[in-house]
Amino acid sequence: MHTDTPSAIIDRIGQHGALRARFAARVHPGPADLRMLRLLAGIFRTEARWRAVALTAAIIVATVALIVLMVRFAIWNGDFFDAIEQKSWPGLVRQAWMFAAILAGGMITHAAALQARRMLQITLRRHLTLALIDTWMADGHHARLRDVAPGLANEDGRIAEDARVVCELMVDFLASLLYALLQFVVFVGMLWLSSGPLRLSAGGIAVTVPGHMVWVALFYASLGAAITIRVGHPLVRATDRRQTAEAAFREGLVHAVSRSATIALGRAEPGERRRLAGRFAAVSSTWAEQTISFRRMTFFTAGFGFLTAALPMLLLAPRHFAGDMSLGTLMQVTVAFGQVTAALFWMSDNYPFIAQWEASAARVLALHEAASDIGEEQETDRPGEIERVAKNGPGLSFLDLSLVSASGEVLVRRFNASVAPGERLLVEATPPAAAALFRAVAGLSAWGSGTIELPEGAVPFFLGERPYLPEATLAEILADPRAPGEVSRAQMTAAMVEAGLAALIPSLSVAAAWEQELSVEDQQRLGIARAILHRPAWLFMHDAMSALDAEQEDRLMGVLVASLQGSAIVTIAHRAALDRFHQRRIALTRAG
């Protein structure tokens, strides 16, 4: 229990900055890439682990089959050109049938590999998305994120888009990396045997280089990888900045859509157009920056691509002319050289996608770790913050509770009170203090000091000024957090009649954006109907009927009291209009 003075509280939280600073200073062990991999590997601790294992095994089998087919194609390439060089019709026919078999096998295997990859991608994405949502939506973490981490925006984009990019590219990376490793191991042996030794002599000194084309491939690919990393390094930063700008633009559009009626009423379209245009200007700027990086990469990779196809033939043509190498062997070496360099070029080929993956992974990790950190903050007793704990008794207690605004203003000073089960209490305070107290009880604010002891095992029901209305059926909204099937239609109908919403009963099964469809008065009535339906043991209200006139407010409060016999009702308000419905009233004067 804290007994800090308000001035000490202000000093400790640093007028809103200390918690943010402590939050920002958290260090998570290990590189970001490994932390992201650990987060994804969490799927092997869930019920989906066997599905993930089976799909991973399918990808491995398909990859091995593709390598076998490529080896057979390289051998076929040599046999085919030998048949052409020998002008052998029977040999040509045999190779035509062999090519048809390789082609059919390749088509089937590629399709199977694609199917397995996409199934693993959606499986991983489901795991990551649900993990993010579970952490983000737990215990009000989502409501506190902007408070302690104002730079962490675009949560929707991080969960929907960045998580998709992370999972899709991760599976593609691992599948292609496995293919590249097998490709290198298999074809480097073929290249070593096919290219044979190269004898060099100068000044009477003779040197034999075994498998000389292998060394050419290693040097060539190493040079290409080094140049790619050098040229492509700015692409990581450019991709990160572009994705951030895209997310900000998307957030602006979502905000404009959700506030369209308010914008129209305020004739605010010109300003909104300017703001959206400004955000898109940032998208254009980062797009141009990314284009420059892509252009440099493409200029280099395109040149290397053309050179790779021609280099082995140019180097080995003199040996073919000298009769040391048949045309079939020359073409087989060319294919093997291309496969080895392609394997060694894995990093170069995937560098732009690695940049995109790293940018998206950083954004996903930032959201997941920030939401997790908030949970750890809530579980840790820290000076200068409100402690919200479960007590071993049936009542509710406020112990030396002091509340401070984000700007450092003391709103409530050392508030002590107890509420018994079934008691109806009215707490009257200034509007800022009332809002702060309501948020503190709900666990949505840490600005202040003291302890709130909640009844152990109780599930409080909170009614604010605007109830949450998702785009769903009215039946789902009323039943939430239970499933609609767990609440009978008769119970829903009775609750809506009590709340004055009889006209909406035919729409119980209608899904709509009810936040836009219903007036504020009806939204508040819907919140009251939910309270009547669920009959919570503890009900906390703040401005829950502020849009209703005095007569309607009195009627609904009477309905609540009659319906929730035995339930504790704590009303936090800035006026005493509902005094007669409560058994006790506490008036909090300013900072008193």
Side-chain angles (χ1 to χ4, degrees), residues 137 139-140 142-147 255 258-263 265-266 403 405-406 411-412 424-445 447 452 460-472 474 477-478 480-481 495-496 498-501 504 513-534 536 538-561 563-564 567-579 581-582 585-588:
M137 295 297 292
D139 300 324
H142 55 96
R144 292 195 60 205
L145 269 177
R146 299 290 180 93
D147 216 19
H255 176 83
S258 63
R259 301 290 187 276
S260 59
T262 307
I263 292 170
L265 288 172
L403 300 175
S405 71
L411 302 173
V412 175
R424 298 191 302 276
L425 172 67
L426 174 64
V427 180
E428 185 184 354
T430 62
L437 181 60
F438 183 72
R439 287 175 59 83
V441 176
L444 301 181
S445 174
W447 306 123
I452 299 174
F461 197 96
F462 294 94
L463 277 182
E465 184 178 12
R466 297 285 288 270
Y468 172 58
L469 302 180
E471 190 167 336
L474 283 176
I477 293 171
L478 283 168
D480 192 51
M496 292 183 73
E498 291 284 359
L501 294 174
L504 289 177
W514 292 109
E515 189 173 8
Q516 280 78 46
E517 296 289 333
L518 298 179
S519 64
V520 179
E521 293 92 332
D522 282 346
Q523 290 182 40
Q524 292 187 343
R525 289 178 185 276
L526 198 57
I528 299 297
R530 288 189 66 235
I532 294 171
L533 183 65
H534 289 276
W538 289 86
L539 173 64
F540 294 88
M541 296 194 298
H542 172 244
D543 286 342
M545 292 179 277
S546 58
L548 306 176
D549 60 35
E551 182 180 348
Q552 293 173 323
E553 190 176 25
D554 278 1
R555 193 191 77 79
L556 280 183
M557 193 65 201
V559 168
L560 265 182
V561 170
S563 301
L564 303 184
S567 298
I569 300 177
V570 180
T571 304
I572 303 171
H574 58 273
R575 55 195 178 93
L578 301 174
D579 194 7
F581 293 101
H582 298 81
R585 179 170 73 94
I586 296 176
L588 297 179

(request) Working to the nearest 0.5 Å, report the span between CD1 of I586 and CG of L425. (result) 4.5 Å
(request) Name the orientation class of the two ring planes belonging to F462 and F540 (parallel below 30°, tilted from 30 to 60°, perpendicular beyond 60°). (result) parallel
(request) Mind checking side chain to side chain donor-acceptor pair (under 3.5 Å) for R466 and listing every partner two or more places apart, or none if nothing turns up? (result) Q523
(message) Does any part of the side chain of L526, heavy atoms only, come nearer than 4.5 Å to the side chain of L474, both counted from C-beta?
(response) yes
(message) I'd like to know if the side chain of H534 reaches the main chain of D480, judged simply by a donor and an acceptor atom lying under 3.5 Å from each other, with no hydrogens or angles considered.
(response) yes
(request) Indicate the atoms forming the closest heavy-atom contact of H582 with I569, along with that distance. (result) CD2-O, 4.3 Å
(message) Between T571 (side chain only) and M541 (backbone N and O only), is there a donor and an acceptor less than 3.5 Å apart?
(response) no
(request) For E551 and D554, run side-chain contact (heavy atoms from CB on, under 4.5 Å): C-alpha distance rounded to whole Å, both residues' side-chain angles, the deciding distance at 0.1 Å, then the answer. (result) CA-CA 5 Å; E551 182 180 348; D554 278 1; 5.9 Å; no
(request) Look only at the side chain of Q524 and the backbone of E521, and say whether a donor-acceptor pair between them is shorter than 3.5 Å. (result) no
(message) Would you compute the distance between atom CE of M496 and atom CD1 of I532 and round it to the nearest 0.5 angstrom?
(response) 11.0 Å
(request) Quick one: closest heavy-atom pair of L478 and A529, and the distance? (result) CD2-CB, 3.9 Å
(request) Heavy atoms only: give me the nearest A433-V412 pair and the separation to one decimal. (result) CB-CG2, 3.8 Å
(request) Compare every heavy atom of A531 with every heavy atom of P536, then report the nearest pair and how far apart it is. (result) CD-O, 3.4 Å
(request) Before giving the answer on side-chain contact (heavy atoms from CB on, under 4.5 Å), spell out for W514 and D522 the whole-Å C-alpha distance, their side-chain angles and the decisive distance to 0.1 Å. (result) CA-CA 10 Å; W514 292 109; D522 282 346; over 6 Å; no
(message) Tell me whether R585 contacts the main-chain N or O of E428 through its side chain, where contact means a donor paired with an acceptor under 3.5 Å.
(response) no
(message) Under the criterion side-chain contact (heavy atoms from CB on, under 4.5 Å), I'd like the reasoning laid out for L564 against L539: C-alpha separation, chi angles, the key distance, then a yes or no.
(response) CA-CA 9 Å; L564 303 184; L539 173 64; 3.7 Å; yes
(message) Ignoring hydrogens, what is the shortest heavy-atom contact between R555 and E498? Give both atom names and the distance.
(response) NH2-O, 3.1 Å
(message) Can you confirm whether L504 sits close enough to L518 that some side-chain heavy atom of one is under 4.5 Å from a side-chain heavy atom of the other?
(response) yes
(message) A side-chain contact here means heavy atoms from C-beta on lying under 4.5 Å apart; do L560 and I528 qualify?
(response) yes
(request) Grab the two heavy atoms, one from V520 and one from A547, that are nearest each other, plus how far apart they are. (result) CG1-CB, 3.7 Å
(message) Under the criterion side-chain contact (heavy atoms from CB on, under 4.5 Å), I'd like the reasoning laid out for L426 against F581: C-alpha separation, chi angles, the key distance, then a yes or no.
(response) CA-CA 9 Å; L426 174 64; F581 293 101; over 6 Å; no
(message) To the closest 0.5 Å, what do you measure between CG (D543) and CD1 (I572)?
(response) 10.0 Å
